[in-house]
Student: 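Before I ask anything, here is the structure I am working with.
Keep in mind that the numbers below use all heavy atoms, side chains included, and drop hydrogens, waters and symmetry copies. These numbers come from a predicted model, not from an experiment. Chain A is the first sequence line, chain B the second, and so forth, proteins listed ahead of strands; every chain is numbered from 1.
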2 protein chains.
Amino acid sequence: MSLAADQPTLYKRIRADIEKCILTGEWPPGHRIPFEHELVARYGCSRMTVNKALSELAQADLIERRRRAGSFVRRPQHQSAVLKIADIRAEITALGRAYGYELIHRRLRAATAADRDRLGVRKAGKVVAISCRHSADKVPFAIEDRLIDLSSVPDAATADFSREPPGSWLLHHVPWTEAEHTISAIVADERTAGALAIPVGAPCLVIDRYTWRSARTITAVRLLYPGDSHRLVARFKGG
Amino acid sequence: MSLAADQPTLYKRIRADIEKCILTGEWPPGHRIPFEHELVARYGCSRMTVNKALSELAQADLIERRRRAGSFVRRPQHQSAVLKIADIRAEITALGRAYGYELIHRRLRAATAADRDRLGVRKAGKVVAISCRHSADKVPFAIEDRLIDLSSVPDAATADFSREPPGSWLLHHVPWTEAEHTISAIVADERTAGALAIPVGAPCLVIDRYTWRSARTITAVRLLYPGDSHRLVARFKGG
DNA sequence: TTGACTTATATGTCTAGACATATAATCGTA
DNA sequence: TACGATTATATGTCTAGACATATAAGTCAA
C-alpha cells in the first residue's frame, strides 16, 4: 500500500493542470499557454507526453495550436449545447413511470408529393406513415407522426408497429445515423388536444426530427408534447 | 508537382478508414475492430501511429477500448444532440436583419427569496434584474428577463445595459461558463403578448438558461420567442 | 459446479530521438 | 516604405523500442 493517492498518469495531470487554468479564467481566451519545450522542462518528461496532453485539449476545442506561434486558449464556443433527446420509452421508464404505447394508424403507400417534401427527397418509392401515442402512467405523454422511407429501410414494411414504437424499432434496426431537430411551439388544435387530453389552445412543444444515414433519408418524425409538462434540457460548457 | 493526391497523414487515414466502416454500418455496434498489432501489420507502421488513430476514435466515443479484449464499436449515443444557441444579436445580424435592442427595466436590489430560488443559491447579496427586448427589422424577436448575481459578477452593477444587451456584455466579461437550458412552451399572457406584438394565447417558445462558472452562479435568464416564428435547430450524429 | 490462482495478451503510457512543415520574424532590396 | 526572400522555431507526425496494468481465459482444487 502506498501513501501517495492514486495518481493519474502524467499526461492526464498535465492536461488537467492546463484545463484548470483555462476553466478558472486564469488563462483567458487568447492567452498563449507554455510551449511544449517549456512543459517538457517543467514536468521532466518527453515531448510526446506533453504533446498528447495538448493534442487532446485541441481535440476538445479548448485550445488552438498554431505552428511556429504556439498554443492558445480558444474563445468559448457559446453557440452549442448538448441537448439530451432520449428514446421516449427509455425516457419514461427512466422516470419510473409506466410506459404505454398505442398505434393510432399505420399506412403503407406510394410516396405523395407531401411525403417527398417532408423526407427531403426528389423521388421516393413507398413509405410507411405511422401515427402513435406514448403515455406515462396512462396519461398521454406525446403524439408521434412518422414517415419512414422504405427504399432506405425496407424491413420497416413488415415490422409490427402495433407492439413496438417505431422509434425504438428504428434504433435497433438502423445503425449510425445523423439527425436534425427543429424545436418550436404551437397551440393545440382540436385533433392534438383530443389525443393529448389537453384543452384546445393549450401550448405544445414540437420536435421535428429528420434522420438520415450517409446521404440516405431514413425517417421524418414530428413529436408533440404538452408544453407545460414536458421539458427539454440541454447542458453545455463554454462561454 | 506530384501525381498523388494530397494525402492526409497516415494516422488520419487509419482513423478515417475505421470511421467509414463504422458509419456505413459495415461494422455494427459491438463489432471488434482489428487489434493494434493487426493494423500495424496492415499499414506497415509503428504501434504508436495506430494507437493515435484509435485513441482519437475512443475520445470521440465511436469505439470503446478494453484491455486484453480489444476495441469495439460503441452503440450510438442517441440521447444527445448539439443545439446551437447563438447570442441573439449575432443570430439576428447573421440573418442579415437589423438588430434592435431596448431596455425595459433594470433594477439593482438585495436578492429576494424568489431571486435566490431562481439563481439556485442559498444566500445572495445584491442582484441586477433586467428586462429587455430584442427585435429584428423592428419586429419584436424575443423578450429577455434576466437576473445577474452581483457577488459573482460585481462589474454588472455599473455596466450600461441601456445600450448593450446583458447577454453580449456577459459573454465579453465573464469567461468560460457552464449552462443548463430548459426548453418549454407556453401561451402568451397579456404582458408577453403586448411585448412581442402577438395575440394573447399565441404559442411561445421558452428558454430558461441558468449559467454558472465553477460552482458560482452567474445569471439566470428566461427568453420568450414567438413560437411560430422562431426555431431552435439541433443536429447530431449517432443513432 | 464453483471459486481461487495463474497466465497470456491487448491496451495504456512513456522515452529519446528523427524529419517534415507551416509560419512569424528578420533581413535585404527596390 | 513596401515587398520578397531567408531563417528560425513550434508544432505535426512518426519510429522502435520499453514497462505497466487490467483482464479474458485457462488451470486446478474444493
Side-chain angles (χ1 to χ4, degrees), chain A residues 1-22 27 29-75, chain B residues 1-22 27 29-75:
Chain A
M1 193 207 284
S2 71
L3 286 175
D6 198 43
Q7 276 207 332
T9 56
L10 181 52
Y11 94 88
K12 281 183 181 163
R13 214 185 95 210
I14 299 173
R15 193 189 58 189
D17 286 351
I18 294 169
E19 205 168 311
K20 192 180 161 195
C21 290
I22 295 172
W27 292 348
H31 178 92
R32 209 208 78 226
I33 74 172
F35 293 129
E36 290 191 352
H37 66 82
E38 293 174 303
L39 293 167
V40 162
R42 181 179 310 174
Y43 289 94
C45 62
S46 80
R47 192 164 79 89
M48 276 299 279
T49 302
V50 164
N51 187 276
K52 178 157 184 163
L54 296 184
S55 294
E56 288 197 4
L57 289 169
Q59 218 194 328
D61 277 338
L62 255 79
I63 64 169
E64 184 187 347
R65 314 201 69 197
R66 292 210 300 272
R67 273 181 150 120
R68 166 69 213 245
S71 302
F72 301 82
V73 177
R74 285 196 53 152
R75 72 175 48 243
Chain B
M1 195 207 284
S2 71
L3 287 174
D6 199 43
Q7 275 205 331
T9 57
L10 181 52
Y11 93 88
K12 281 183 181 164
R13 214 185 94 211
I14 299 173
R15 193 188 57 189
D17 286 351
I18 295 169
E19 204 169 311
K20 193 182 161 194
C21 290
I22 296 173
W27 292 348
H31 177 92
R32 209 209 77 225
I33 74 173
F35 294 131
E36 290 191 352
H37 65 82
E38 293 175 302
L39 293 167
V40 162
R42 182 179 309 175
Y43 289 95
C45 62
S46 79
R47 192 165 77 89
M48 276 298 279
T49 302
V50 164
N51 186 277
K52 178 156 185 164
L54 295 184
S55 295
E56 288 197 2
L57 289 169
Q59 218 195 330
D61 277 338
L62 256 80
I63 66 171
E64 184 188 348
R65 314 201 70 198
R66 292 210 300 271
R67 274 181 149 121
R68 166 72 212 245
S71 301
F72 301 82
V73 176
R74 285 196 53 152
R75 70 176 47 245

Student: B/Glu56 has an atom CD; how far is it from atom C1' of D/dG12, in whole Å?
Tutor: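 Result: 12 Å.
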Student: Establish, with yes or no, whether the OP1 or OP2 oxygen of C/dT11 is under 4.0 angstrom from a side-chain nitrogen or oxygen of B/Ser71.
Tutor: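 The answer is yes; a side-chain N or O of B/Ser71 sits under 4.0 Å from OP1 or OP2.
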Student: Could you pick out which residue, A/Ala69 or A/Leu10, lies toward the 5' side of DNA chain C when each is mapped onto its nearest nucleotide?
Tutor: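 Residue closer to the 5' terminus by nearest nucleotide: A/Leu10.
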Student: Got a salt bridge between B/Arg47 and B/Glu36, using NZ or NE/NH1/NH2 to carboxylate O under 4.0 Å?
Tutor: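 Judged by the 4.0 Å cut-off on N to carboxylate O distance, B/Arg47 and B/Glu36 do form a salt bridge.
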Student: Between B/Ile18 and B/Leu62, is there a side-chain heavy-atom distance shorter than 4.5 Å?
Tutor: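 With C-beta onward as the side chain, the pair stays apart.
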Student: What is the distance, to the nearest angstrom, from the CD atom on B/Glu38 to the C1' atom on C/dT9?
Tutor: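 Atom-to-atom, B/Glu38 to C/dT9, this comes out as 13 Å.
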Student: A/Arg65 has an atom CZ; how far is it from atom P of D/dT11, in whole Å?
Tutor: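 So the two atoms are 5 Å apart, to the nearest Å.
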Student: When we call it a touch if two heavy atoms are under 4.0 Å apart, what does A/Leu54 touch: a base, just sugar-phosphate, or nothing?
Tutor: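 The answer is nothing, as A/Leu54 stays clear of every strand by at least 4.0 Å.
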Student: Between the side chains of A/Tyr43 and A/Asp17, is a donor N or O closer than 3.5 angstrom to an acceptor N or O?
Tutor: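 Present: a donor and an acceptor within the cut-off.
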Student: Output the single nucleotide from D/dT11, C/dT11, D/dA24 whose closest atom is nearest the side chain of B/Glu36.
Tutor: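 Among D/dT11, C/dT11, D/dA24, the one nearest the side chain of B/Glu36 is C/dT11.
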Student: Report the distance from atom CZ of A/Arg32 to atom C1' of D/dA10, rounded to the nearest whole Å.
Tutor: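 From A/Arg32 CZ to D/dA10 C1': 10 Å.
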Student: For A/Lys12 and D/dA20, what is the distance between atoms NZ and P respectively, to the nearest whole Å?
Tutor: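 Whole-Å distance recorded here is 18 Å.
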Student: Name the residue closer to the 5' end of DNA chain C, choosing between B/Arg68 and A/Met48 according to the nucleotide with the nearest heavy atom.
Tutor: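 So the residue in question is B/Arg68.
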Student: Let me know the distance between CZ of B/Arg66 and C1' of C/dA8, rounded to the nearest Å.
Tutor: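 Going from CZ in B/Arg66 over to C1' in C/dA8 covers 18 Å.
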Student: Have a look at A/Ser55 and say if it touches a base, only the backbone sugar-phosphate, or nothing, with a 4.0 Å heavy-atom cut-off.
Tutor: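 No contact at all - A/Ser55 keeps every heavy atom at 4.0 Å or more from the nucleic acid.
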Student: Is B/Ser55 reaching over with its side chain to a backbone N or O of B/Asn51, donor-acceptor style, under 3.5 angstrom?
Tutor: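 Answer holds: yes.
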Student: Under a 4.0 Å threshold between the charged nitrogen and the carboxylate oxygen, would B/Arg32 count as salt-bridged to B/Glu38?
Tutor: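 Salt bridge: yes.
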Student: Are any of A/Thr49's side-chain N or O atoms less than 4.0 Å away from OP1 or OP2 of C/dT15?
Tutor: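 Yes.
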Student: Which nucleotide in the list C/dG12, D/dT15, C/dT15 gets nearest to the side chain of B/Asn51?
Tutor: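 Output: C/dG12.
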Student: Round to a whole Å and report the spacing from NZ of B/Lys52 to P of C/dT13.
Tutor: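 Interatomic distance, NZ of B/Lys52 to P of C/dT13: 14 Å.
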Student: Ignoring the backbone of A/Arg47, work out which of C/dT15, D/dT11, D/dT9 is nearest its side chain.
Tutor: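 Selected nucleotide: D/dT11.
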Student: In whole Å, what is the span from the CZ atom of B/Arg67 to the P atom of D/dA20?
Tutor: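 After rounding, the gap between these two atoms is 12 Å.
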Student: Select one nucleotide: of D/dC14, C/dA16, C/dT11, the one nearest the side-chain heavy atoms of B/Thr9.
Tutor: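 So the side chain of B/Thr9 is nearest to D/dC14.
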